Structures are given as structure tokens and as C-alpha cells.
Amino acid sequence: MKEKIWLSSPHMSGKEMKYIEEAFRRNHVFPLGPNVTGLEEDIVRMTGAGHCTCLSSGTAAIHLALILLGVKQGDEVICSSFTFSASANPIAYQGATPVFIDSESMTWNMSPDLLESAIKDRMSKGKKPSAIVLVHLYGMPAQLDKLMSVANAYQIPVIEDAAESFGSAFDGKSTGTFGEIGVFSFNGNKIITTSGGGAMVSANPEYCKKALFLATQARDAAPHYQHSHIGYNYRMSNICAGIGRGQMEVLSDRIAKRRENYFFYREMLAGIPGISFQNEPDERYFSNHWLTTILIDPGQAGGVTREDIYTDLARLDIETRPLWKPMHLQPVFANVPAYTDGTSERLFRNGLCLPSSSNITDEERRAVVDAIRHSLKH
Ligand SMILES: *Cc1c(COP(=O)(O)O)cnc(C)c1O
């Protein structure tokens, strides 16, 4: 029987086991430990970030980033609307209100113009946003030059949710290193994985030190378990970090393969009316192309919709996924402020993520292309 073709599956290299075996041999089967420290060093080296703290998930990293920037009950925090819910949920953990900003159509990420008008409008209503959660979706860097200059002009700190863009860069600089704090995820579906995990990076060593303190139950420097802060158990395990260290050895191969998937699909689907891709706008943008995503315009595609292709491929055991449903359309965020112009709604309506694993075979990729062409009668 043919195997299911996955959207984005874990891809082990074999280099993970030496780190895990070493941890077993030394009985380092606990949170933190040498693999965690080693992974933090690897991440600092790769990203050029000053400092790194590995954590239990990307979500935990966003939560701690908000705490470190002083976000508290009743605050407003600006957030990309077109994203996975984990970008926004930690804002609610803090009792703060997300303020959602729509995408622009060039990178599909936060619109600098809408960001600026939202900041002005919130300030005119008497509340300056406490922070900005800025997402680089599917690996594509946002318009970092413009967004950072708006954020800097209003002196609002930026948290970069680079969960999907590990290894991506803008102007030669890693995503995650532009804002005050950057966040990565090593969940099983991301470009590299620790099975589950995340990390925070910052140029400011105090943030990373304080993150570790909060992530380890906020113990004061006393042997008798004294606490003057509310703490969390957000540590990364030393075993998971061992997987991550092995994965870091092959990160550049993983990025090359994901990018190659994108070029393959783009070439094989070229010239079909109504199909377009999320492309790097110019040479300043380097996307890891974590997922290859397409837009289907039914008006030009002979009436074939995103839903048709999704259903046809599912029948062939090929996993695809609609683009993220924007946060301002989510029932759970129905009553929060949003600054929108219809861009992410259009992307959501017409967009589909294609199987993009780094261990996808040529035969599988061809099967995906054949199935899409068949749906489009092309
Ligand atoms: C995966 C993801 C996260 C959350 O990361 P976890 O490690 O799964 O908690 C946050 N934001 C975005 C955009 C993601 O894709």
C-alpha cells in the first residue's frame, strides 16, 4: 500500500542518537543539562543572536517574552492576524487584549501601513500598545525594515514570532534577531524539531537570564525554596535538546530541501491559470520555505476552488491544509479590536499548504503535482 503523503513530517538524520546516548550514559535524563546548553550555543552561532534560552515550546517562549516586556492585565498587544493561534494565546494568558493587524499581499505578513494606523488609533483612544508580536509566516520574512521603523518611531518593543522561519533572513540577518526578543519553535512539524520545544533569543542577556529563572519555577537564590515571583515549568528536557543538537547539524540541508520543494512546485505548476505562490519579493528576503503555499483563484482556474483541491488530494491520502484562519475571524477573538483590509481573508479563502517535508520523495512530489493538475483539469 502507498504511504500517506504528509504536510510536514519530522525528519531525523541519525546524528541525534549520539547526543541522546551520551545523556543516557551519564544519566542526564532531566530538564536542562549539557545538551540544552549545547543547543543554545548552536542557536546563537546559527542566528547571530546574542543570547538564547531553550524552553519547552514556542508558545512558552512567547509567553515569557510578554512577561519580560512587562505586559500585564488590561494592556493591549498588537499581533499579526494571519497566524497560528499560538502567537496570540499568550497575550490572553497575561490578561491583555490582542489587537490584530492584517497582512499585506507581498509577504503575507503584517502590513506596515495598518500597523502605523492601528498604533495611532489606539493611542488616540488613550492606550499605547505595550508590545508587538510580529510573525514570519511559512518562513517568509515580514517587511522588517518598514515594520521595525514604525515600532521604533513609537518606541514599542517587538517580539518576533519566528516559529516557522528558523533559518530565514532579511538583508542577511536572521529572523528573530530584529526585535527585542525572538522566538523559535522546534515542534514536530517545524523545519527542525526536538519533538517538542522552543527557544527565545535576544541581544539582551538579562532577558535570557530572567527567562530561565521564570521557566524554572522562579526560585530565589536560597536553599529553602523561597519565591518572590510566580514561576513556570517551561524548561526544555536534556533528551529533547539532544534531538535538537543532531538536527542542527543538518539544518542547512533541511533548508535547502524545503526551498527546493518550493522551486519544484513552482516550476511544475507554472503557467496554470489561477495558481500563484508566496514568493520572496526581492533579494533582501531569504525564506526557509518551511511550507510551500499556493493561492487558487477560482475565477481563473475554471471554477476550481481551494476546497476542491483539498478534497481531491485527501482522497488520494495526500495531506494539504488551508492557510491559517486569521485571528480576527476566530470565534475566541470575536470581540477584540482588529485593523483589516480583507487581505488575510482573501489569502485564507484561496490558500493551500502543499506537502513540504524535507524527507518527501521525488515520486511523492510528482504525485502531488499530478493530483493538483488533475483537479484543475490541466
Ligand atoms: C508552531 C507555531 C507556534 C508555537 O510553537 P509551539 O512550539 O508549537 O508551541 C507559534 N507561532 C507560530 C506562527 C507557529 O507556527
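Counting from 1, the numbers follow the sequence of the chain as shown. Side-chain atoms are counted along with the backbone in the values below, which use heavy atoms only and exclude waters and symmetry mates. We count ligands from 1, going down the list as the structure has it; atoms in each ligand are counted the same way. The shown structure was predicted, so the numbers you read here are calculated from the model rather than taken from an experiment.
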Could you identify the single nearest non-hydrogen protein atom to [atom] and state the distance to 0.1 Å?
atom: atom 11 (N) of ligand 1; result: D161 OD2, 2.7 Å
atom: atom 1 (C) of ligand 1; result: K190 NZ, 1.6 Å
atom: atom 15 (O) of ligand 1; result: E164 OE2, 2.5 Å
atom: atom 9 (O) of ligand 1; result: T59 OG1, 2.5 Å

Go through the side-chain N and O atoms of [X] and [Y] and say whether any donor and acceptor fall under 3.5 Å apart.
X: H328; Y: S81; answer: yes
X: Y310; Y: R306; answer: no
X: S111; Y: D113; answer: no
X: Y339; Y: R122; answer: yes
X: Q94; Y: Q73; answer: no
X: N109; Y: S80; answer: no
X: D220; Y: S228; answer: yes

Show the atoms of ligand 1 that are less than 4.0 angstrom away from any heavy atom in [X].
X: S87; answer: 11 (N), 13 (C)
X: A86; answer: 3 (C), 4 (C), 10 (C)
X: F84; answer: 2 (C), 3 (C), 14 (C)
X: A163; answer: 2 (C), 3 (C), 10 (C), 11 (N), 12 (C), 14 (C)
X: S185; answer: 1 (C), 5 (O), 6 (P), 7 (O), 8 (O)
X: G58; answer: 5 (O), 6 (P), 7 (O), 9 (O)

Should I5 and L269 be counted in the same cluster of Ile, Leu, Val, Met, Phe, Trp and Tyr side chains packed under 4.5 Å apart?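 Cluster IDs for I5 and L269 match.
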[X] to ligand 1: N or O pair under 3.5 Å?
X: F186; result: no
X: T83; result: no
X: W290; result: no

Can a donor-acceptor pair be found, under 3.5 Å and without considering hydrogens, that links the side chain of T293 to the backbone of L352?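 Side chain of T293 to backbone of L352: no pair is present.
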G197 heavy atom under 4.0 Å from ligand 1: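 Flag set, G197 near ligand 1.
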Non-hydrogen atom of G198 closer than 4.0 Å to ligand 1: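 Distance cut 4.0 Å: G198 fails for ligand 1.
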Within 6.0 angstrom of H227 NE2, more than 12 heavy atoms from elsewhere: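 Enclosed.
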Determine whether the side chain, the backbone, both or neither of S57 has a heavy atom under 4.0 Å from any heavy atom of ligand 1.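 It is both parts that get close, each with some atom under 4.0 Å.
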